[in-house]
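Below you'll find the structure, written out as C-alpha coordinates, and then a few comments.
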Amino acid sequence: MITAARRLFRERGYLGTSVADVLAESGAPRGSVYFHFPGGKEELAAEVDIAHTAESVALINRLANRESSASAFLAGFVAHFRDEIVASGYCKGCPVAPSFWRWAVQPRAWPRSPAEASKT
(Lines give C-alpha, C1' and ligand atoms only; values in the text may rest on other atoms or scores of the structure.)
Protein backbone atom coordinates (compact mmCIF):
# COMPACT_ATOMS: atom_id res chain seq x y z
CA MET A 1 0.00 0.00 0.00
CA ILE A 2 2.87 2.35 0.72
CA THR A 3 4.32 1.87 -2.76
CA ALA A 4 0.92 2.43 -4.36
CA ALA A 5 0.22 5.51 -2.21
CA ARG A 6 3.63 6.93 -2.98
CA ARG A 7 3.11 6.62 -6.72
CA LEU A 8 -0.43 8.00 -6.60
CA PHE A 9 0.52 10.94 -4.38
CA ARG A 10 3.24 11.88 -6.86
CA GLU A 11 0.84 11.61 -9.79
CA ARG A 12 -2.36 12.99 -8.28
CA GLY A 13 -1.28 14.68 -5.08
CA TYR A 14 -2.38 13.86 -1.56
CA LEU A 15 -5.73 15.60 -1.89
CA GLY A 16 -6.40 13.98 -5.27
CA THR A 17 -5.82 10.45 -3.98
CA SER A 18 -8.39 8.57 -1.95
CA VAL A 19 -7.90 5.50 0.22
CA ALA A 20 -10.04 3.64 -2.32
CA ASP A 21 -7.55 4.65 -5.05
CA VAL A 22 -4.67 3.28 -3.00
CA LEU A 23 -6.53 0.03 -2.33
CA ALA A 24 -7.38 -0.39 -6.01
CA GLU A 25 -3.79 0.30 -7.06
CA SER A 26 -2.27 -1.99 -4.44
CA GLY A 27 -4.83 -4.78 -4.70
CA ALA A 28 -5.09 -4.88 -0.90
CA PRO A 29 -8.40 -5.71 0.78
CA ARG A 30 -10.30 -2.74 2.20
CA GLY A 31 -9.94 -3.76 5.84
CA SER A 32 -6.18 -4.00 5.59
CA VAL A 33 -5.65 -0.25 5.32
CA TYR A 34 -7.16 0.34 8.76
CA PHE A 35 -5.44 -2.73 10.19
CA HIS A 36 -1.99 -1.57 9.05
CA PHE A 37 -2.73 2.16 9.27
CA PRO A 38 -5.27 2.77 12.08
CA GLY A 39 -4.87 6.51 11.49
CA GLY A 40 -6.17 6.04 7.95
CA LYS A 41 -4.91 8.08 5.03
CA GLU A 42 -2.97 10.44 7.30
CA GLU A 43 -0.92 7.62 8.82
CA LEU A 44 -0.39 6.04 5.41
CA ALA A 45 0.90 9.40 4.13
CA ALA A 46 3.33 9.61 7.06
CA GLU A 47 4.70 6.20 6.07
CA VAL A 48 5.04 7.43 2.48
CA ASP A 49 7.08 10.35 3.83
CA ILE A 50 9.31 7.94 5.76
CA ALA A 51 9.86 5.78 2.66
CA HIS A 52 10.76 8.81 0.57
CA THR A 53 13.12 10.10 3.25
CA ALA A 54 14.90 6.74 3.49
CA GLU A 55 15.32 6.61 -0.29
CA SER A 56 16.63 10.18 -0.37
CA VAL A 57 19.14 9.52 2.41
CA ALA A 58 20.39 6.45 0.53
CA LEU A 59 20.74 8.52 -2.65
CA ILE A 60 22.60 11.26 -0.77
CA ASN A 61 24.98 8.70 0.74
CA ARG A 62 25.66 7.08 -2.65
CA LEU A 63 26.34 10.44 -4.27
CA ALA A 64 28.50 11.65 -1.36
CA ASN A 65 30.66 8.53 -1.65
CA ARG A 66 30.90 8.75 -5.43
CA GLU A 67 31.23 12.44 -6.27
CA SER A 68 34.34 14.50 -5.60
CA SER A 69 32.79 17.97 -5.60
CA ALA A 70 29.71 19.72 -4.32
CA SER A 71 28.68 20.68 -7.84
CA ALA A 72 28.90 17.06 -9.04
CA PHE A 73 26.92 15.96 -5.98
CA LEU A 74 24.15 18.50 -6.65
CA ALA A 75 24.11 17.68 -10.36
CA GLY A 76 23.67 13.99 -9.53
CA PHE A 77 20.92 14.71 -7.02
CA VAL A 78 18.94 16.88 -9.42
CA ALA A 79 19.55 14.46 -12.31
CA HIS A 80 18.08 11.59 -10.29
CA PHE A 81 14.73 13.30 -9.83
CA ARG A 82 14.77 14.81 -13.33
CA ASP A 83 15.29 11.33 -14.80
CA GLU A 84 12.45 9.91 -12.68
CA ILE A 85 10.06 12.59 -13.88
CA VAL A 86 11.08 12.22 -17.54
CA ALA A 87 10.88 8.39 -17.36
CA SER A 88 7.32 8.67 -16.01
CA GLY A 89 6.26 10.66 -19.07
CA TYR A 90 6.04 13.71 -16.81
CA CYS A 91 3.31 12.04 -14.74
CA LYS A 92 5.29 11.94 -11.50
CA GLY A 93 5.66 15.21 -9.69
CA CYS A 94 7.86 16.25 -6.84
CA PRO A 95 7.95 13.52 -4.19
CA VAL A 96 7.97 16.10 -1.37
CA ALA A 97 5.20 18.44 -2.53
CA PRO A 98 2.28 16.18 -1.50
CA SER A 99 3.47 16.32 2.11
CA PHE A 100 3.60 20.10 2.12
CA TRP A 101 0.12 20.39 0.63
CA ARG A 102 -1.19 17.85 3.12
CA TRP A 103 -0.03 19.95 6.06
CA ALA A 104 -0.78 23.31 4.43
CA VAL A 105 -4.51 22.63 4.15
CA GLN A 106 -4.95 21.40 7.70
CA PRO A 107 -5.52 23.93 10.49
CA ARG A 108 -3.13 22.34 12.96
CA ALA A 109 0.55 22.63 13.67
CA TRP A 110 3.04 20.78 11.52
CA PRO A 111 4.43 17.64 13.15
CA ARG A 112 8.05 17.64 14.21
CA SER A 113 8.67 14.17 12.78
CA PRO A 114 6.93 11.50 10.66
CA ALA A 115 6.42 9.48 13.86
CA GLU A 116 4.57 12.41 15.41
CA ALA A 117 2.54 12.79 12.21
CA SER A 118 1.39 9.20 12.37
CA LYS A 119 0.08 9.70 15.94
CA THR A 120 -2.31 12.49 14.97
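What you see is a predicted model; the values in this text were computed from it and never measured.
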- Salt bridge between Arg10 and Glu84, side-chain N to carboxylate O under 4.0 Å? yes
- Task: Decide whether Leu8 and Tyr34 are clustered together by the hydrophobic rule: side chain heavy atoms of Ile, Leu, Val, Met, Phe, Trp, Tyr closer than 4.5 Å, transitively.
- Result: yes
- Message: Testing the basics here: between Ser69 and Ala72, what is the closest heavy-atom pair and its distance to 0.1 Å?
- Response: OG-N, 3.1 Å
- Query: CD/Glu55 to CZ/Arg6 distance, rounded to the nearest 0.5 angstrom?
  - Reply: 4.0 Å
- Message: As an exercise, state the distance from CG of Leu44 to CG of Leu23, rounded to the nearest 0.5 Å.
- Response: 9.0 Å
- Query: Nearest 0.5 Å, what's the CG-CZ distance between Asn61 and Arg66?
  - Reply: 12.0 Å
- Would you call Glu25 and Arg7 a salt bridge, using N to O less than 4.0 angstrom? yes
- Message: Test your reading of the model: is there a side-chain donor-acceptor pair from Lys41 to the backbone of Thr17, 3.5 Å cut-off?
- Response: yes
- Note: Phe37 and Glu43 closest approach over all heavy atoms is C-OE1, 3.5 Å
- Message: What's the separation between atom CZ in Phe81 and atom NZ in Lys92, rounded to the nearest 0.5 Å?
- Response: 10.5 Å
- Message: Check the orientation of Phe77 and Phe73. Use parallel for under 30°, tilted for 30 to 60°, and perpendicular for over 60°.
- Response: parallel
- Query: Distance from Ile85 atom CD1 to Cys94 atom SG, nearest 0.5 Å?
  - Reply: 7.0 Å
- Query: If you measure only the distance, is there a donor-acceptor pair under 3.5 Å linking the side chains of Tyr14 and Glu42?
  - Reply: yes
- side chain to side chain contact (heavy atoms under 4.5 Å, CB included) between Arg62 and Leu59: does it pass, once the steps are laid out? CA-CA 5 Å; Arg62 281 193 309 275; Leu59 172 64; 3.6 Å; yes
- Note on the structure: When Val22, Leu15, Asp21 are each screened for side-chain contact (heavy atoms from CB on, under 4.5 Å) with Ser18, the one that passes is Asp21
